[in-house]
K.L.:
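One structure coming up, written as structure tokens, with questions to follow.
Lettering follows sequence order; numbering is per chain, from 1. Nothing here was measured: the structure is a model prediction, and the numbers come from that model.
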Amino acid sequence: MLSPKEIKRLDQEIALVPTRKSACIEALKIIQQHRGWVSDESLRDIAEYMEMSVEELDSVATFYNLIFRKPVGRNIILLCDSISCYVMGYKKIYQHLQDHLHIKFGETTADARFTLLPNACLGCCDHAPTLMINNDLYKDLTNDNLDEILKEYR
Amino acid sequence: MAVIYIDHRAYEVKAGKNLLETCLTLGFNLPYFCWHPAMGSVGACRQCAIKLFKDKDDTQGRLMMSCMESVKDNMYLSINDPVAKSFRSQVIEWLMTNHPHDCAVCDEGGSCHLQDMTVMTGHTYRRFQYPKRTYKNQYLGPFINHEMNRCIQCYRCVRFYKDYAGGTDLDAFAAHDHIYFGRAADGVLENEFSGNLAEVCPTGVFTDKSLKEHYTRKWDMTMAPSICQHCSLGCNIIAGERYGELRQITNRFNGEVNGYFICDKGRFGYEFVNSINRIQQPIIRTKIPEAVDKNSLYDYLKTVLSNRTVIGIGSPRASLESNFALMQLVGKGNFYQGVSETDAQLMRTILHTLNAGHVHIPSLKETEIADAILVLGEDLTNAAPLLALTVRQAVHRKPLENAQQISVPPWHDTARREFAQEEKGPLFIAYPTKTKLEALAANCQYLSPDEIARLGFAIANRLDNTAPAPQGVDEDTLQIAQHIANTLKQAERPLIICGTSLRNEAILKAAANIACALGTEDKKASLFYVMEECNSMGLAMMEVPSLKQATEALKKKEANTVIILENDLYRRDAKSAIDDFLEQCEELIVLDHLHHETSNRATVLIPVGTFAEAEGTLVNNEGRAQCFFQVFAPKNENFRESWRWLDEFRQFKQGISPEDLQAPGDLMMEMAASMPQFKGAEEVAPSADFRISGQKIPREPHRYSGRTAMLANIQVSEPKPPEDHDSALSYTMEGYRGIPPAPLIPFFWAPGWNSAQSVNKYQEEVGGPIRGGDTGKRLFPETPAIENAFLNTIPPAYKASPGEWLVVPLQHIFGSEELSIYTHGVAERAPHPYIAISQQDANDLNTREYQLMQVTIGTLNYELPVMIKKELPHGVVGIPYHVSGLIGIAWPAKGILKPVMT
Amino acid sequence: MEKPLTQHISSNHPWLNLKDYTNVGGYQAVHRALKSMTPEEVTKIVQDSELKGRGGAGFNTGMKWSFVPMDDVRQTKYLITNADEMEPGTFKDRLLLEGNPHQLIEGMIVSAYAIQANISYIFLRWAYKKAARIIEEAIAEAYAAGYLGKDILGSGFNLEMHLHTGVGRYICGEETALLNALEGKRAIPRSKPPFPQVSGLFGKPTIVNNVETLCNIPHIVNNGADWFKALSMGSDAGTKLYGISGQVNKPGLWELPMGTTVRELIEEHAGGMKPGFKFRGALPGGASTDFLVTEHLDVKMDYQSVAAAGSRLGTGTMVILDDHTCPVGFVHNLEHFFAQESCGWCTPCREGLPWTEKILLSIENGEGRLEDLELLEMHTKYLGPGNTFCALAPGAMEPLQSGLKYFRADFEKHIHEKKCPWDEQRNGSHLY
Ligand SMILES: Cc1cc2nc3c(=O)[nH]c(=O)nc-3n(C[C@H](O)[C@H](O)[C@H](O)COP(=O)(O)O)c2cc1C
Ligand code: SF4
Ligand code: FES
């Protein structure tokens, strides 16, 4: 069931586009914002509201890598694995994250605190290596400042 | 016209046409995947690459995708260019990197477009050294099997299912090399055209599940050209047999009728042929034992037929030949249509309009180009499925064509869709409930049958004020009528669709009036009739009385013996009326292939061949006569064509004894000679003595295997193959290997093209008619209008009558038809009996969804669960037409409803 | 040296809000264009300025606009800013978006006026959260000040502006895939023709321009075409945002005259290679450009000169390959990216890129064979422009083909020694 708050947000987006369907990516984003990820059930509800079939919506949802169709942790770590960060040693950061959180790319910690995902270039290559946690960008990473950063997220 | 040069040779071709199509039309073996003749180009697979040179002197050239180019004058091209060739084989190598190479266990093997293209490009050696990607398969319902690992991501499945057929439950998921085609979760594919996936998919991802149950490779099948038996449209099919079992139906291209596609009822509804419910042996119920051999039957009938007055009851699902043979046996005056008086009258009305000639009856293909459509009282998806598919194309066509304004060529599928977006051409539907085409329609009116007719009359009157106008129509309806009239008037090719489903003659008349009112000298409106069965039209054209008169004849003791041809009368009229009729018969002789309520009452029961074991001619809704041919000579010698039995009985009647029986003459010739309305039907297919280079056309492909071993468990020496004296087709693999005339094409197959795509080679130009012309002969030549005679029997305004409900029959593609239901997948998809009631009426009756309702129709009583269909007009309820347990109702019906107390 | 785009952006100051922006002369171009110029005049001046699209392909911007049909005034038209910036190694648009959003908005208003578009979108990549906040605010300010909305400055011209943030996928930056993404569909590229200028968003005439491209527009309108051309030191007009990342002393981003040399960028602006690191090569304009190597250090960074050196200016943001980094691993990282980001529509890209990725990994892991180099070369040949549906795969082949050319010895060494020569230096495991 979509909440009244969600529906209100959906309606705002629908009002901006020529056909209802064309707001479907916005709809997925809104639900993900509220619920962390898009479950099969959420997907069904959105599809119904957007007057689309589940298939049609899931076809869109599964195309985009930042729509999460599996449960994720409370905090999402997006580690840049693109070329500048590669040159500047993102693999060491990745190793460090693995050692400390005991998760690999695509995995979530047992306490659901973190989900770790690789991400394409975050657009601050002059401060590589970089990562994002939720909405926060971290640059010039070293193993030392990484520990400090992770502490911020419960 | 344009001149293009391919590998230094000049060709004169049509300018503006798609280049890939042009190359294929010229006979080049140019591989492709994502392109499809009915769906155009998208340029995804990159398989059709050829070289384009700037001019004659350019030796470099550049690769380009032939499917994404239009033919222009003076193009210098190369298909054989080494780079182009090597690129094409590279594309295959890419596609094969993840393909499982499981041809040996794959249902597609031997008729696989991917196999063909792989061989065609010469890719043989695998250089990809890494593990293959694998997928999970899905359960997709009873018709289609899913094997995703074989996918080559050509996108044809979604493009057909979603874009072309309007399905919503199949799509492409994920991205990069994880693309997946399927449903969101396991479940039945709901679109009525899902079976085409098996032909559209170039490999073994989507395959025919019914074939899987008795699998046979294409090359091992005995095949014949045939006509679908399950509705009035007459789609052309290929039927294949092995070991005496019918195993597969595939599409047989007919440019005027079904084109590239058939519906799931047509594709999967064939299992009745293999049913254990088949009548196996002649039965004489007065004898012990009942089952008799042919000679005893002959002896018995010889006496019966020469001593009694016999009437014959024809059938709208039997061939012209069989109906005619019965008529000849009993005499024209004693031959009756095996349908109710209501149904006969509906067909008379249709014939009247057709014979008057002032409207144009379009072929199925023509409906695809209509630019404004009005549907009066039909649920196309369920009553005439392929028409729903063509109407869908028509609705999208104009907006797509608008893309030509920005020079997007007609074959450019994605660009046209991107330009057209959600725009649609006008479609209006008037029907008591929602139909599946609703999503496409500009306006839907939910009306009782009489109100549908009145709306129709109002539209006709708005178009031409000399047409009769209904009285007492409300302002809203008038406005809608005006709007529809305006839209139809503005259209260049308006199309009116109506039919017999609702059993309302006024609708047919209203539709005819609209078509007349629209017709002018230069522009004729098209009027499309939906009927019930594969030979409804043919039977009606015989112009004989209905069951009602047959009953009267029996009652008047004009006869006491009845021969019923391939007909379960309980599906024709009220149970009481049929009981009444059957009680009058002293001797009841029934010829049919399946046991049913009527055959159970027979005193003499004679097994006959189904369409797969018989040859015959049918007339479809459009008045097109088409032939189907025997697919195989059945092991059971009793499975003989009805007309063969009946012609023998005629000979008995004439005093010929069984030993002296003659093979029947050409019944169609005889029929056309005695009934001029059938003139032309005898020429539909080349006659039995037709030969090409002295050879017959083989039903078996040249790779047919096991011929010498098939029966080795019974008899080591190979039996002589059966001979076919009735047609130019042979039962062997020997014979003419080229392209036969369209009516005799038993399968599509060309060197290097083993899959369904080989049809390209049979067409005059790709997508165009079969070489030498498509199959079928229209029996209603268009005559100039005699006069603009409007029909006038406008029903009074519909008023719900308290305590009594108008019960309308709701058609179901799966379930309403008699024969297809024997396929368990079709049965699985059929609805359980229900009664559809509007929300308001449900409230009035104090009932809810799923609650049981006692429904009394005449002498019949049913307890049916309630299904709410909000939109139904007040006082109108619907029950699923002819689903199991709900036959024996006389339509149109009135009913009394009482909620069952629990 | 003039730096029109970045003169008011400073890392020490927050973004320029409407007041700041107007204080430094902002929105004058809107006044000028809407009040005293016809749409055709705006297009003409842009065309005359020889501004080339900064999104990578370098097509003349004014020319692109001139393909928009201007006769049917009732038709909806769209202007879209491509702020998807996802090309690895690229970080230039971020600065403009976060530093001076009104400059972009002003550029969009003037550009929309030129093509008479009444609806505009900024298609922003998901990761640019800060930019999203700032742009939202700036758009609201612009509406409040009457620069957006109905009858802008009494000119009768209307313009709506919306921010759309993506949900990932590099291909969304491809302008036609971007249109599909905006329509709420899978971001599969569209075939061209028809070009977006005639059939774009929702089938209507549409212009898609890069952030940097559009930010130049107000300055061109204010100062004229000749001024713009004079900014350059090379064969293309204007300034360019150049960036450098990798093992240099001062990685960063600078607005410099078009045509600044590679050497100047590395040595002067980026402060040279870090101690102990040697320059081996560079991708001049993001991940999908061919390597330049030592012999190219004096190449001018403009479209023509870089092309003459066998590469592309691309986005003008350079990634440096140093001698501590394995070139095979470097290229493998790139091909991994491209394989992941293939939309999956056309065969060569969908199946070919993962293949090259797998080969590169096996070479990197010491499991490569000499035949593998032929296979890689085959891919560079057959995934070229025109053979695939869009430019993603051809772009992906650029670093591979030039990598094979300039670093072939390194590839062969991997194969002969059955290991990566850089292995010892590297700690941390191989990932893919
Ligand atoms: C795979 C791919 C990704 C692209 N990504 C971007 C991008 O992130 N930003 C951008 O401005 N242009 C990108 N482009 C270029 C755009 O397609 C388009 O050419 C550009 O936005 C036009 O703007 P311009 O004329 O101002 O350069 C990309 C192209 C391709 C083929
Ligand atoms: S090259 Fe082909 S598969 Fe790759 S991103 Fe472009 S269209 Fe998609
Ligand atoms: S058939 Fe031409 S690209 Fe697929």
K.L.:
Can you find a pair of side-chain heavy atoms, one from N65(A) and one from Q340(C), that are under 4.5 Å apart?
P.N.:
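With C-beta onward as the side chain, the pair stays apart.
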K.L.:
Who in residues 277-285 of chain C is close to chain A, using a strict under-4.5 Å heavy-atom cut-off?
P.N.:
none
K.L.:
Got a second to check how far T90(C)'s OG1 is from I83(A)'s CD1, nearest 0.5 Å?
P.N.:
12.0 Å
K.L.:
Please list all pairs meeting salt bridge (charged side-chain N to carboxylate O under 4.0 Å, His left out) that have one or both residues in residues 124-144 of chain A, counting only residues at least two apart or in different chains.
P.N.:
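Residue pairs passing salt bridge (charged side-chain N to carboxylate O under 4.0 Å, His left out), neighbours aside: none found.
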K.L.:
Name the region of D322(C), side chain, backbone, both or neither, that has any atom closer than 4.5 Å to a heavy atom of chain A.
P.N.:
side chain
K.L.:
Given a strict heavy-atom distance threshold of 4.5 Å, which part of K274(C) is in contact with chain A: side chain, backbone, both, or neither?
P.N.:
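Contact with chain A involves the side chain of K274(C) alone.
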K.L.:
May I ask you to test the Y90(A)-N333(C) pair for a side-chain heavy-atom distance under 4.5 Å?
P.N.:
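Yes; the side chains approach each other to less than 4.5 Å.
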K.L.:
How far apart are the closest heavy atoms of Y64(A) and C172(C), and which atoms are they?
P.N.:
CE2-SG, 3.7 Å
K.L.:
Is A187(C) close to chain A through its backbone or its side chain, or both, or neither, when contacts mean heavy atoms under 4.5 Å?
P.N.:
both
K.L.:
Please look at D99(A) and chain C and tell me whether the side chain, the backbone, both or neither of the residue comes under 4.5 angstrom of a heavy atom of that chain.
P.N.:
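Neither part; nothing is under 4.5 Å.
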K.L.:
Name the region of A120(A), side chain, backbone, both or neither, that has any atom closer than 4.5 Å to a heavy atom of chain C.
P.N.:
both
K.L.:
Going from CD1 on I67(A) to CZ on R169(C), what distance comes out if it is rounded to the nearest 0.5 angstrom?
P.N.:
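Here the interatomic distance stands at 11.5 Å.
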K.L.:
To check you understand the geometry: which heavy-atom pair defines the closest contact between S82(A) and F337(C), and what is its length?
P.N.:
OG-CD1, 4.0 Å
K.L.:
Identify the two heavy atoms, one from C125(A) and one from S245(C), that lie closest to each other, and give their separation to 0.1 Å.
P.N.:
O-CB, 3.2 Å
K.L.:
Using every non-hydrogen atom in the two residues, find where G123(A) and F91(C) come nearest and quote the distance to one decimal.
P.N.:
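Taking G123(A) first and F91(C) second, the nearest heavy atoms are O-CB, 3.1 Å.
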K.L.:
With only heavy atoms counted, which part of L78(A) is less than 4.5 Å from chain C, the side chain, the backbone, both or neither?
P.N.:
side chain
K.L.:
Let me see the working for Q32(A) and V167(C) under side chain to side chain contact (heavy atoms under 4.5 Å, CB included), right down to the final yes or no.
P.N.:
CA-CA 11 Å; Q32(A) 181 160 302; V167(C) 269; 6.0 Å; no
K.L.:
Does any backbone or side-chain atom of Y121(C) lie under 4.5 Å from a heavy atom of chain A? Answer side chain, backbone, both or neither.
P.N.:
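When you check distances to chain A, only side chain atoms of Y121(C) fall under 4.5 Å.
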K.L.:
Before giving the answer on side chain to side chain contact (heavy atoms under 4.5 Å, CB included), spell out for F63(A) and I188(C) the whole-Å C-alpha distance, their side-chain angles and the decisive distance to 0.1 Å.
P.N.:
CA-CA 10 Å; F63(A) 183 86; I188(C) 307 291; 3.9 Å; yes
K.L.:
Can you check whether L137(A)'s main-chain N or O pairs, donor with acceptor, with K130(C)'s side chain at less than 3.5 Å?
P.N.:
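Answer holds: no.
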K.L.:
Shortest non-hydrogen contact from C121(A) to P88(C)?
P.N.:
CB-CA, 3.5 Å
K.L.:
Using 0.5 Å steps for rounding, measure from the CD atom of E26(A) to the NE2 atom of H164(C).
P.N.:
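Answer for the CD-NE2 pair, E26(A) versus H164(C), is 5.0 Å.
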K.L.:
Report which part of A132(C) has an atom under 4.5 Å of a heavy atom belonging to chain A: side chain, backbone, both, or neither.
P.N.:
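Contact with chain A: none, neither part.
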K.L.:
In terms of heavy-atom contacts, does CD of Q12(A) have more than 12 from other residues, nucleotides or ligands at under 6.0 Å?
P.N.:
yes
K.L.:
Give me the atom names and distance for the closest heavy-atom approach of P18(A) to Y78(C).
P.N.:
CG-OH, 4.5 Å
K.L.:
Using non-hydrogen atoms only, which part of Y170(C) is less than 4.5 Å away from chain A: side chain, backbone, both, or neither?
P.N.:
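When you check distances to chain A, no heavy atom of Y170(C) falls under 4.5 Å.
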K.L.:
Does some side-chain heavy atom of V87(A) sit less than 4.5 Å from a side-chain heavy atom of I320(C)?
P.N.:
no
K.L.:
Nearest 0.5 Å, please: how far is CG in L122(A) from CH2 in W126(C)?
P.N.:
8.5 Å
K.L.:
Measure distances from T165(C) to the heavy atoms of chain A and classify the residue's part below 4.5 Å as side chain, backbone, both or neither.
P.N.:
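It is both, since atoms from each part get that close.
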K.L.:
Report the option among E160(C), H162(C), E85(C) that has the most heavy-atom pairs separated by less than 4.5 Å from atoms of chain A.
P.N.:
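Of E160(C), H162(C), E85(C), H162(C) has the most heavy-atom pairs under 4.5 Å with chain A.
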K.L.:
Looking at R125(C), K250(C), K185(C), which has the largest count of heavy-atom pairs under 4.5 Å with chain A?
P.N.:
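With the most close heavy-atom pairs to chain A, the winner is R125(C).
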K.L.:
Relative to chain A, which segment of I119(C) carries a heavy atom at a distance below 4.5 Å: side chain, backbone, both, or neither?
P.N.:
neither
K.L.:
State the CG-OG distance between L182(C) and S22(A), to the nearest 0.5 angstrom.
P.N.:
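That separation rounds to 9.5 Å.
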K.L.:
Checking M88(A) against chain C: side chain, backbone, both or neither under 4.5 Å from a heavy atom?
P.N.:
both
K.L.:
Atom CZ of R186(C) and atom CD of E56(A): how far apart are they, to the nearest 0.5 Å?
P.N.:
11.5 Å
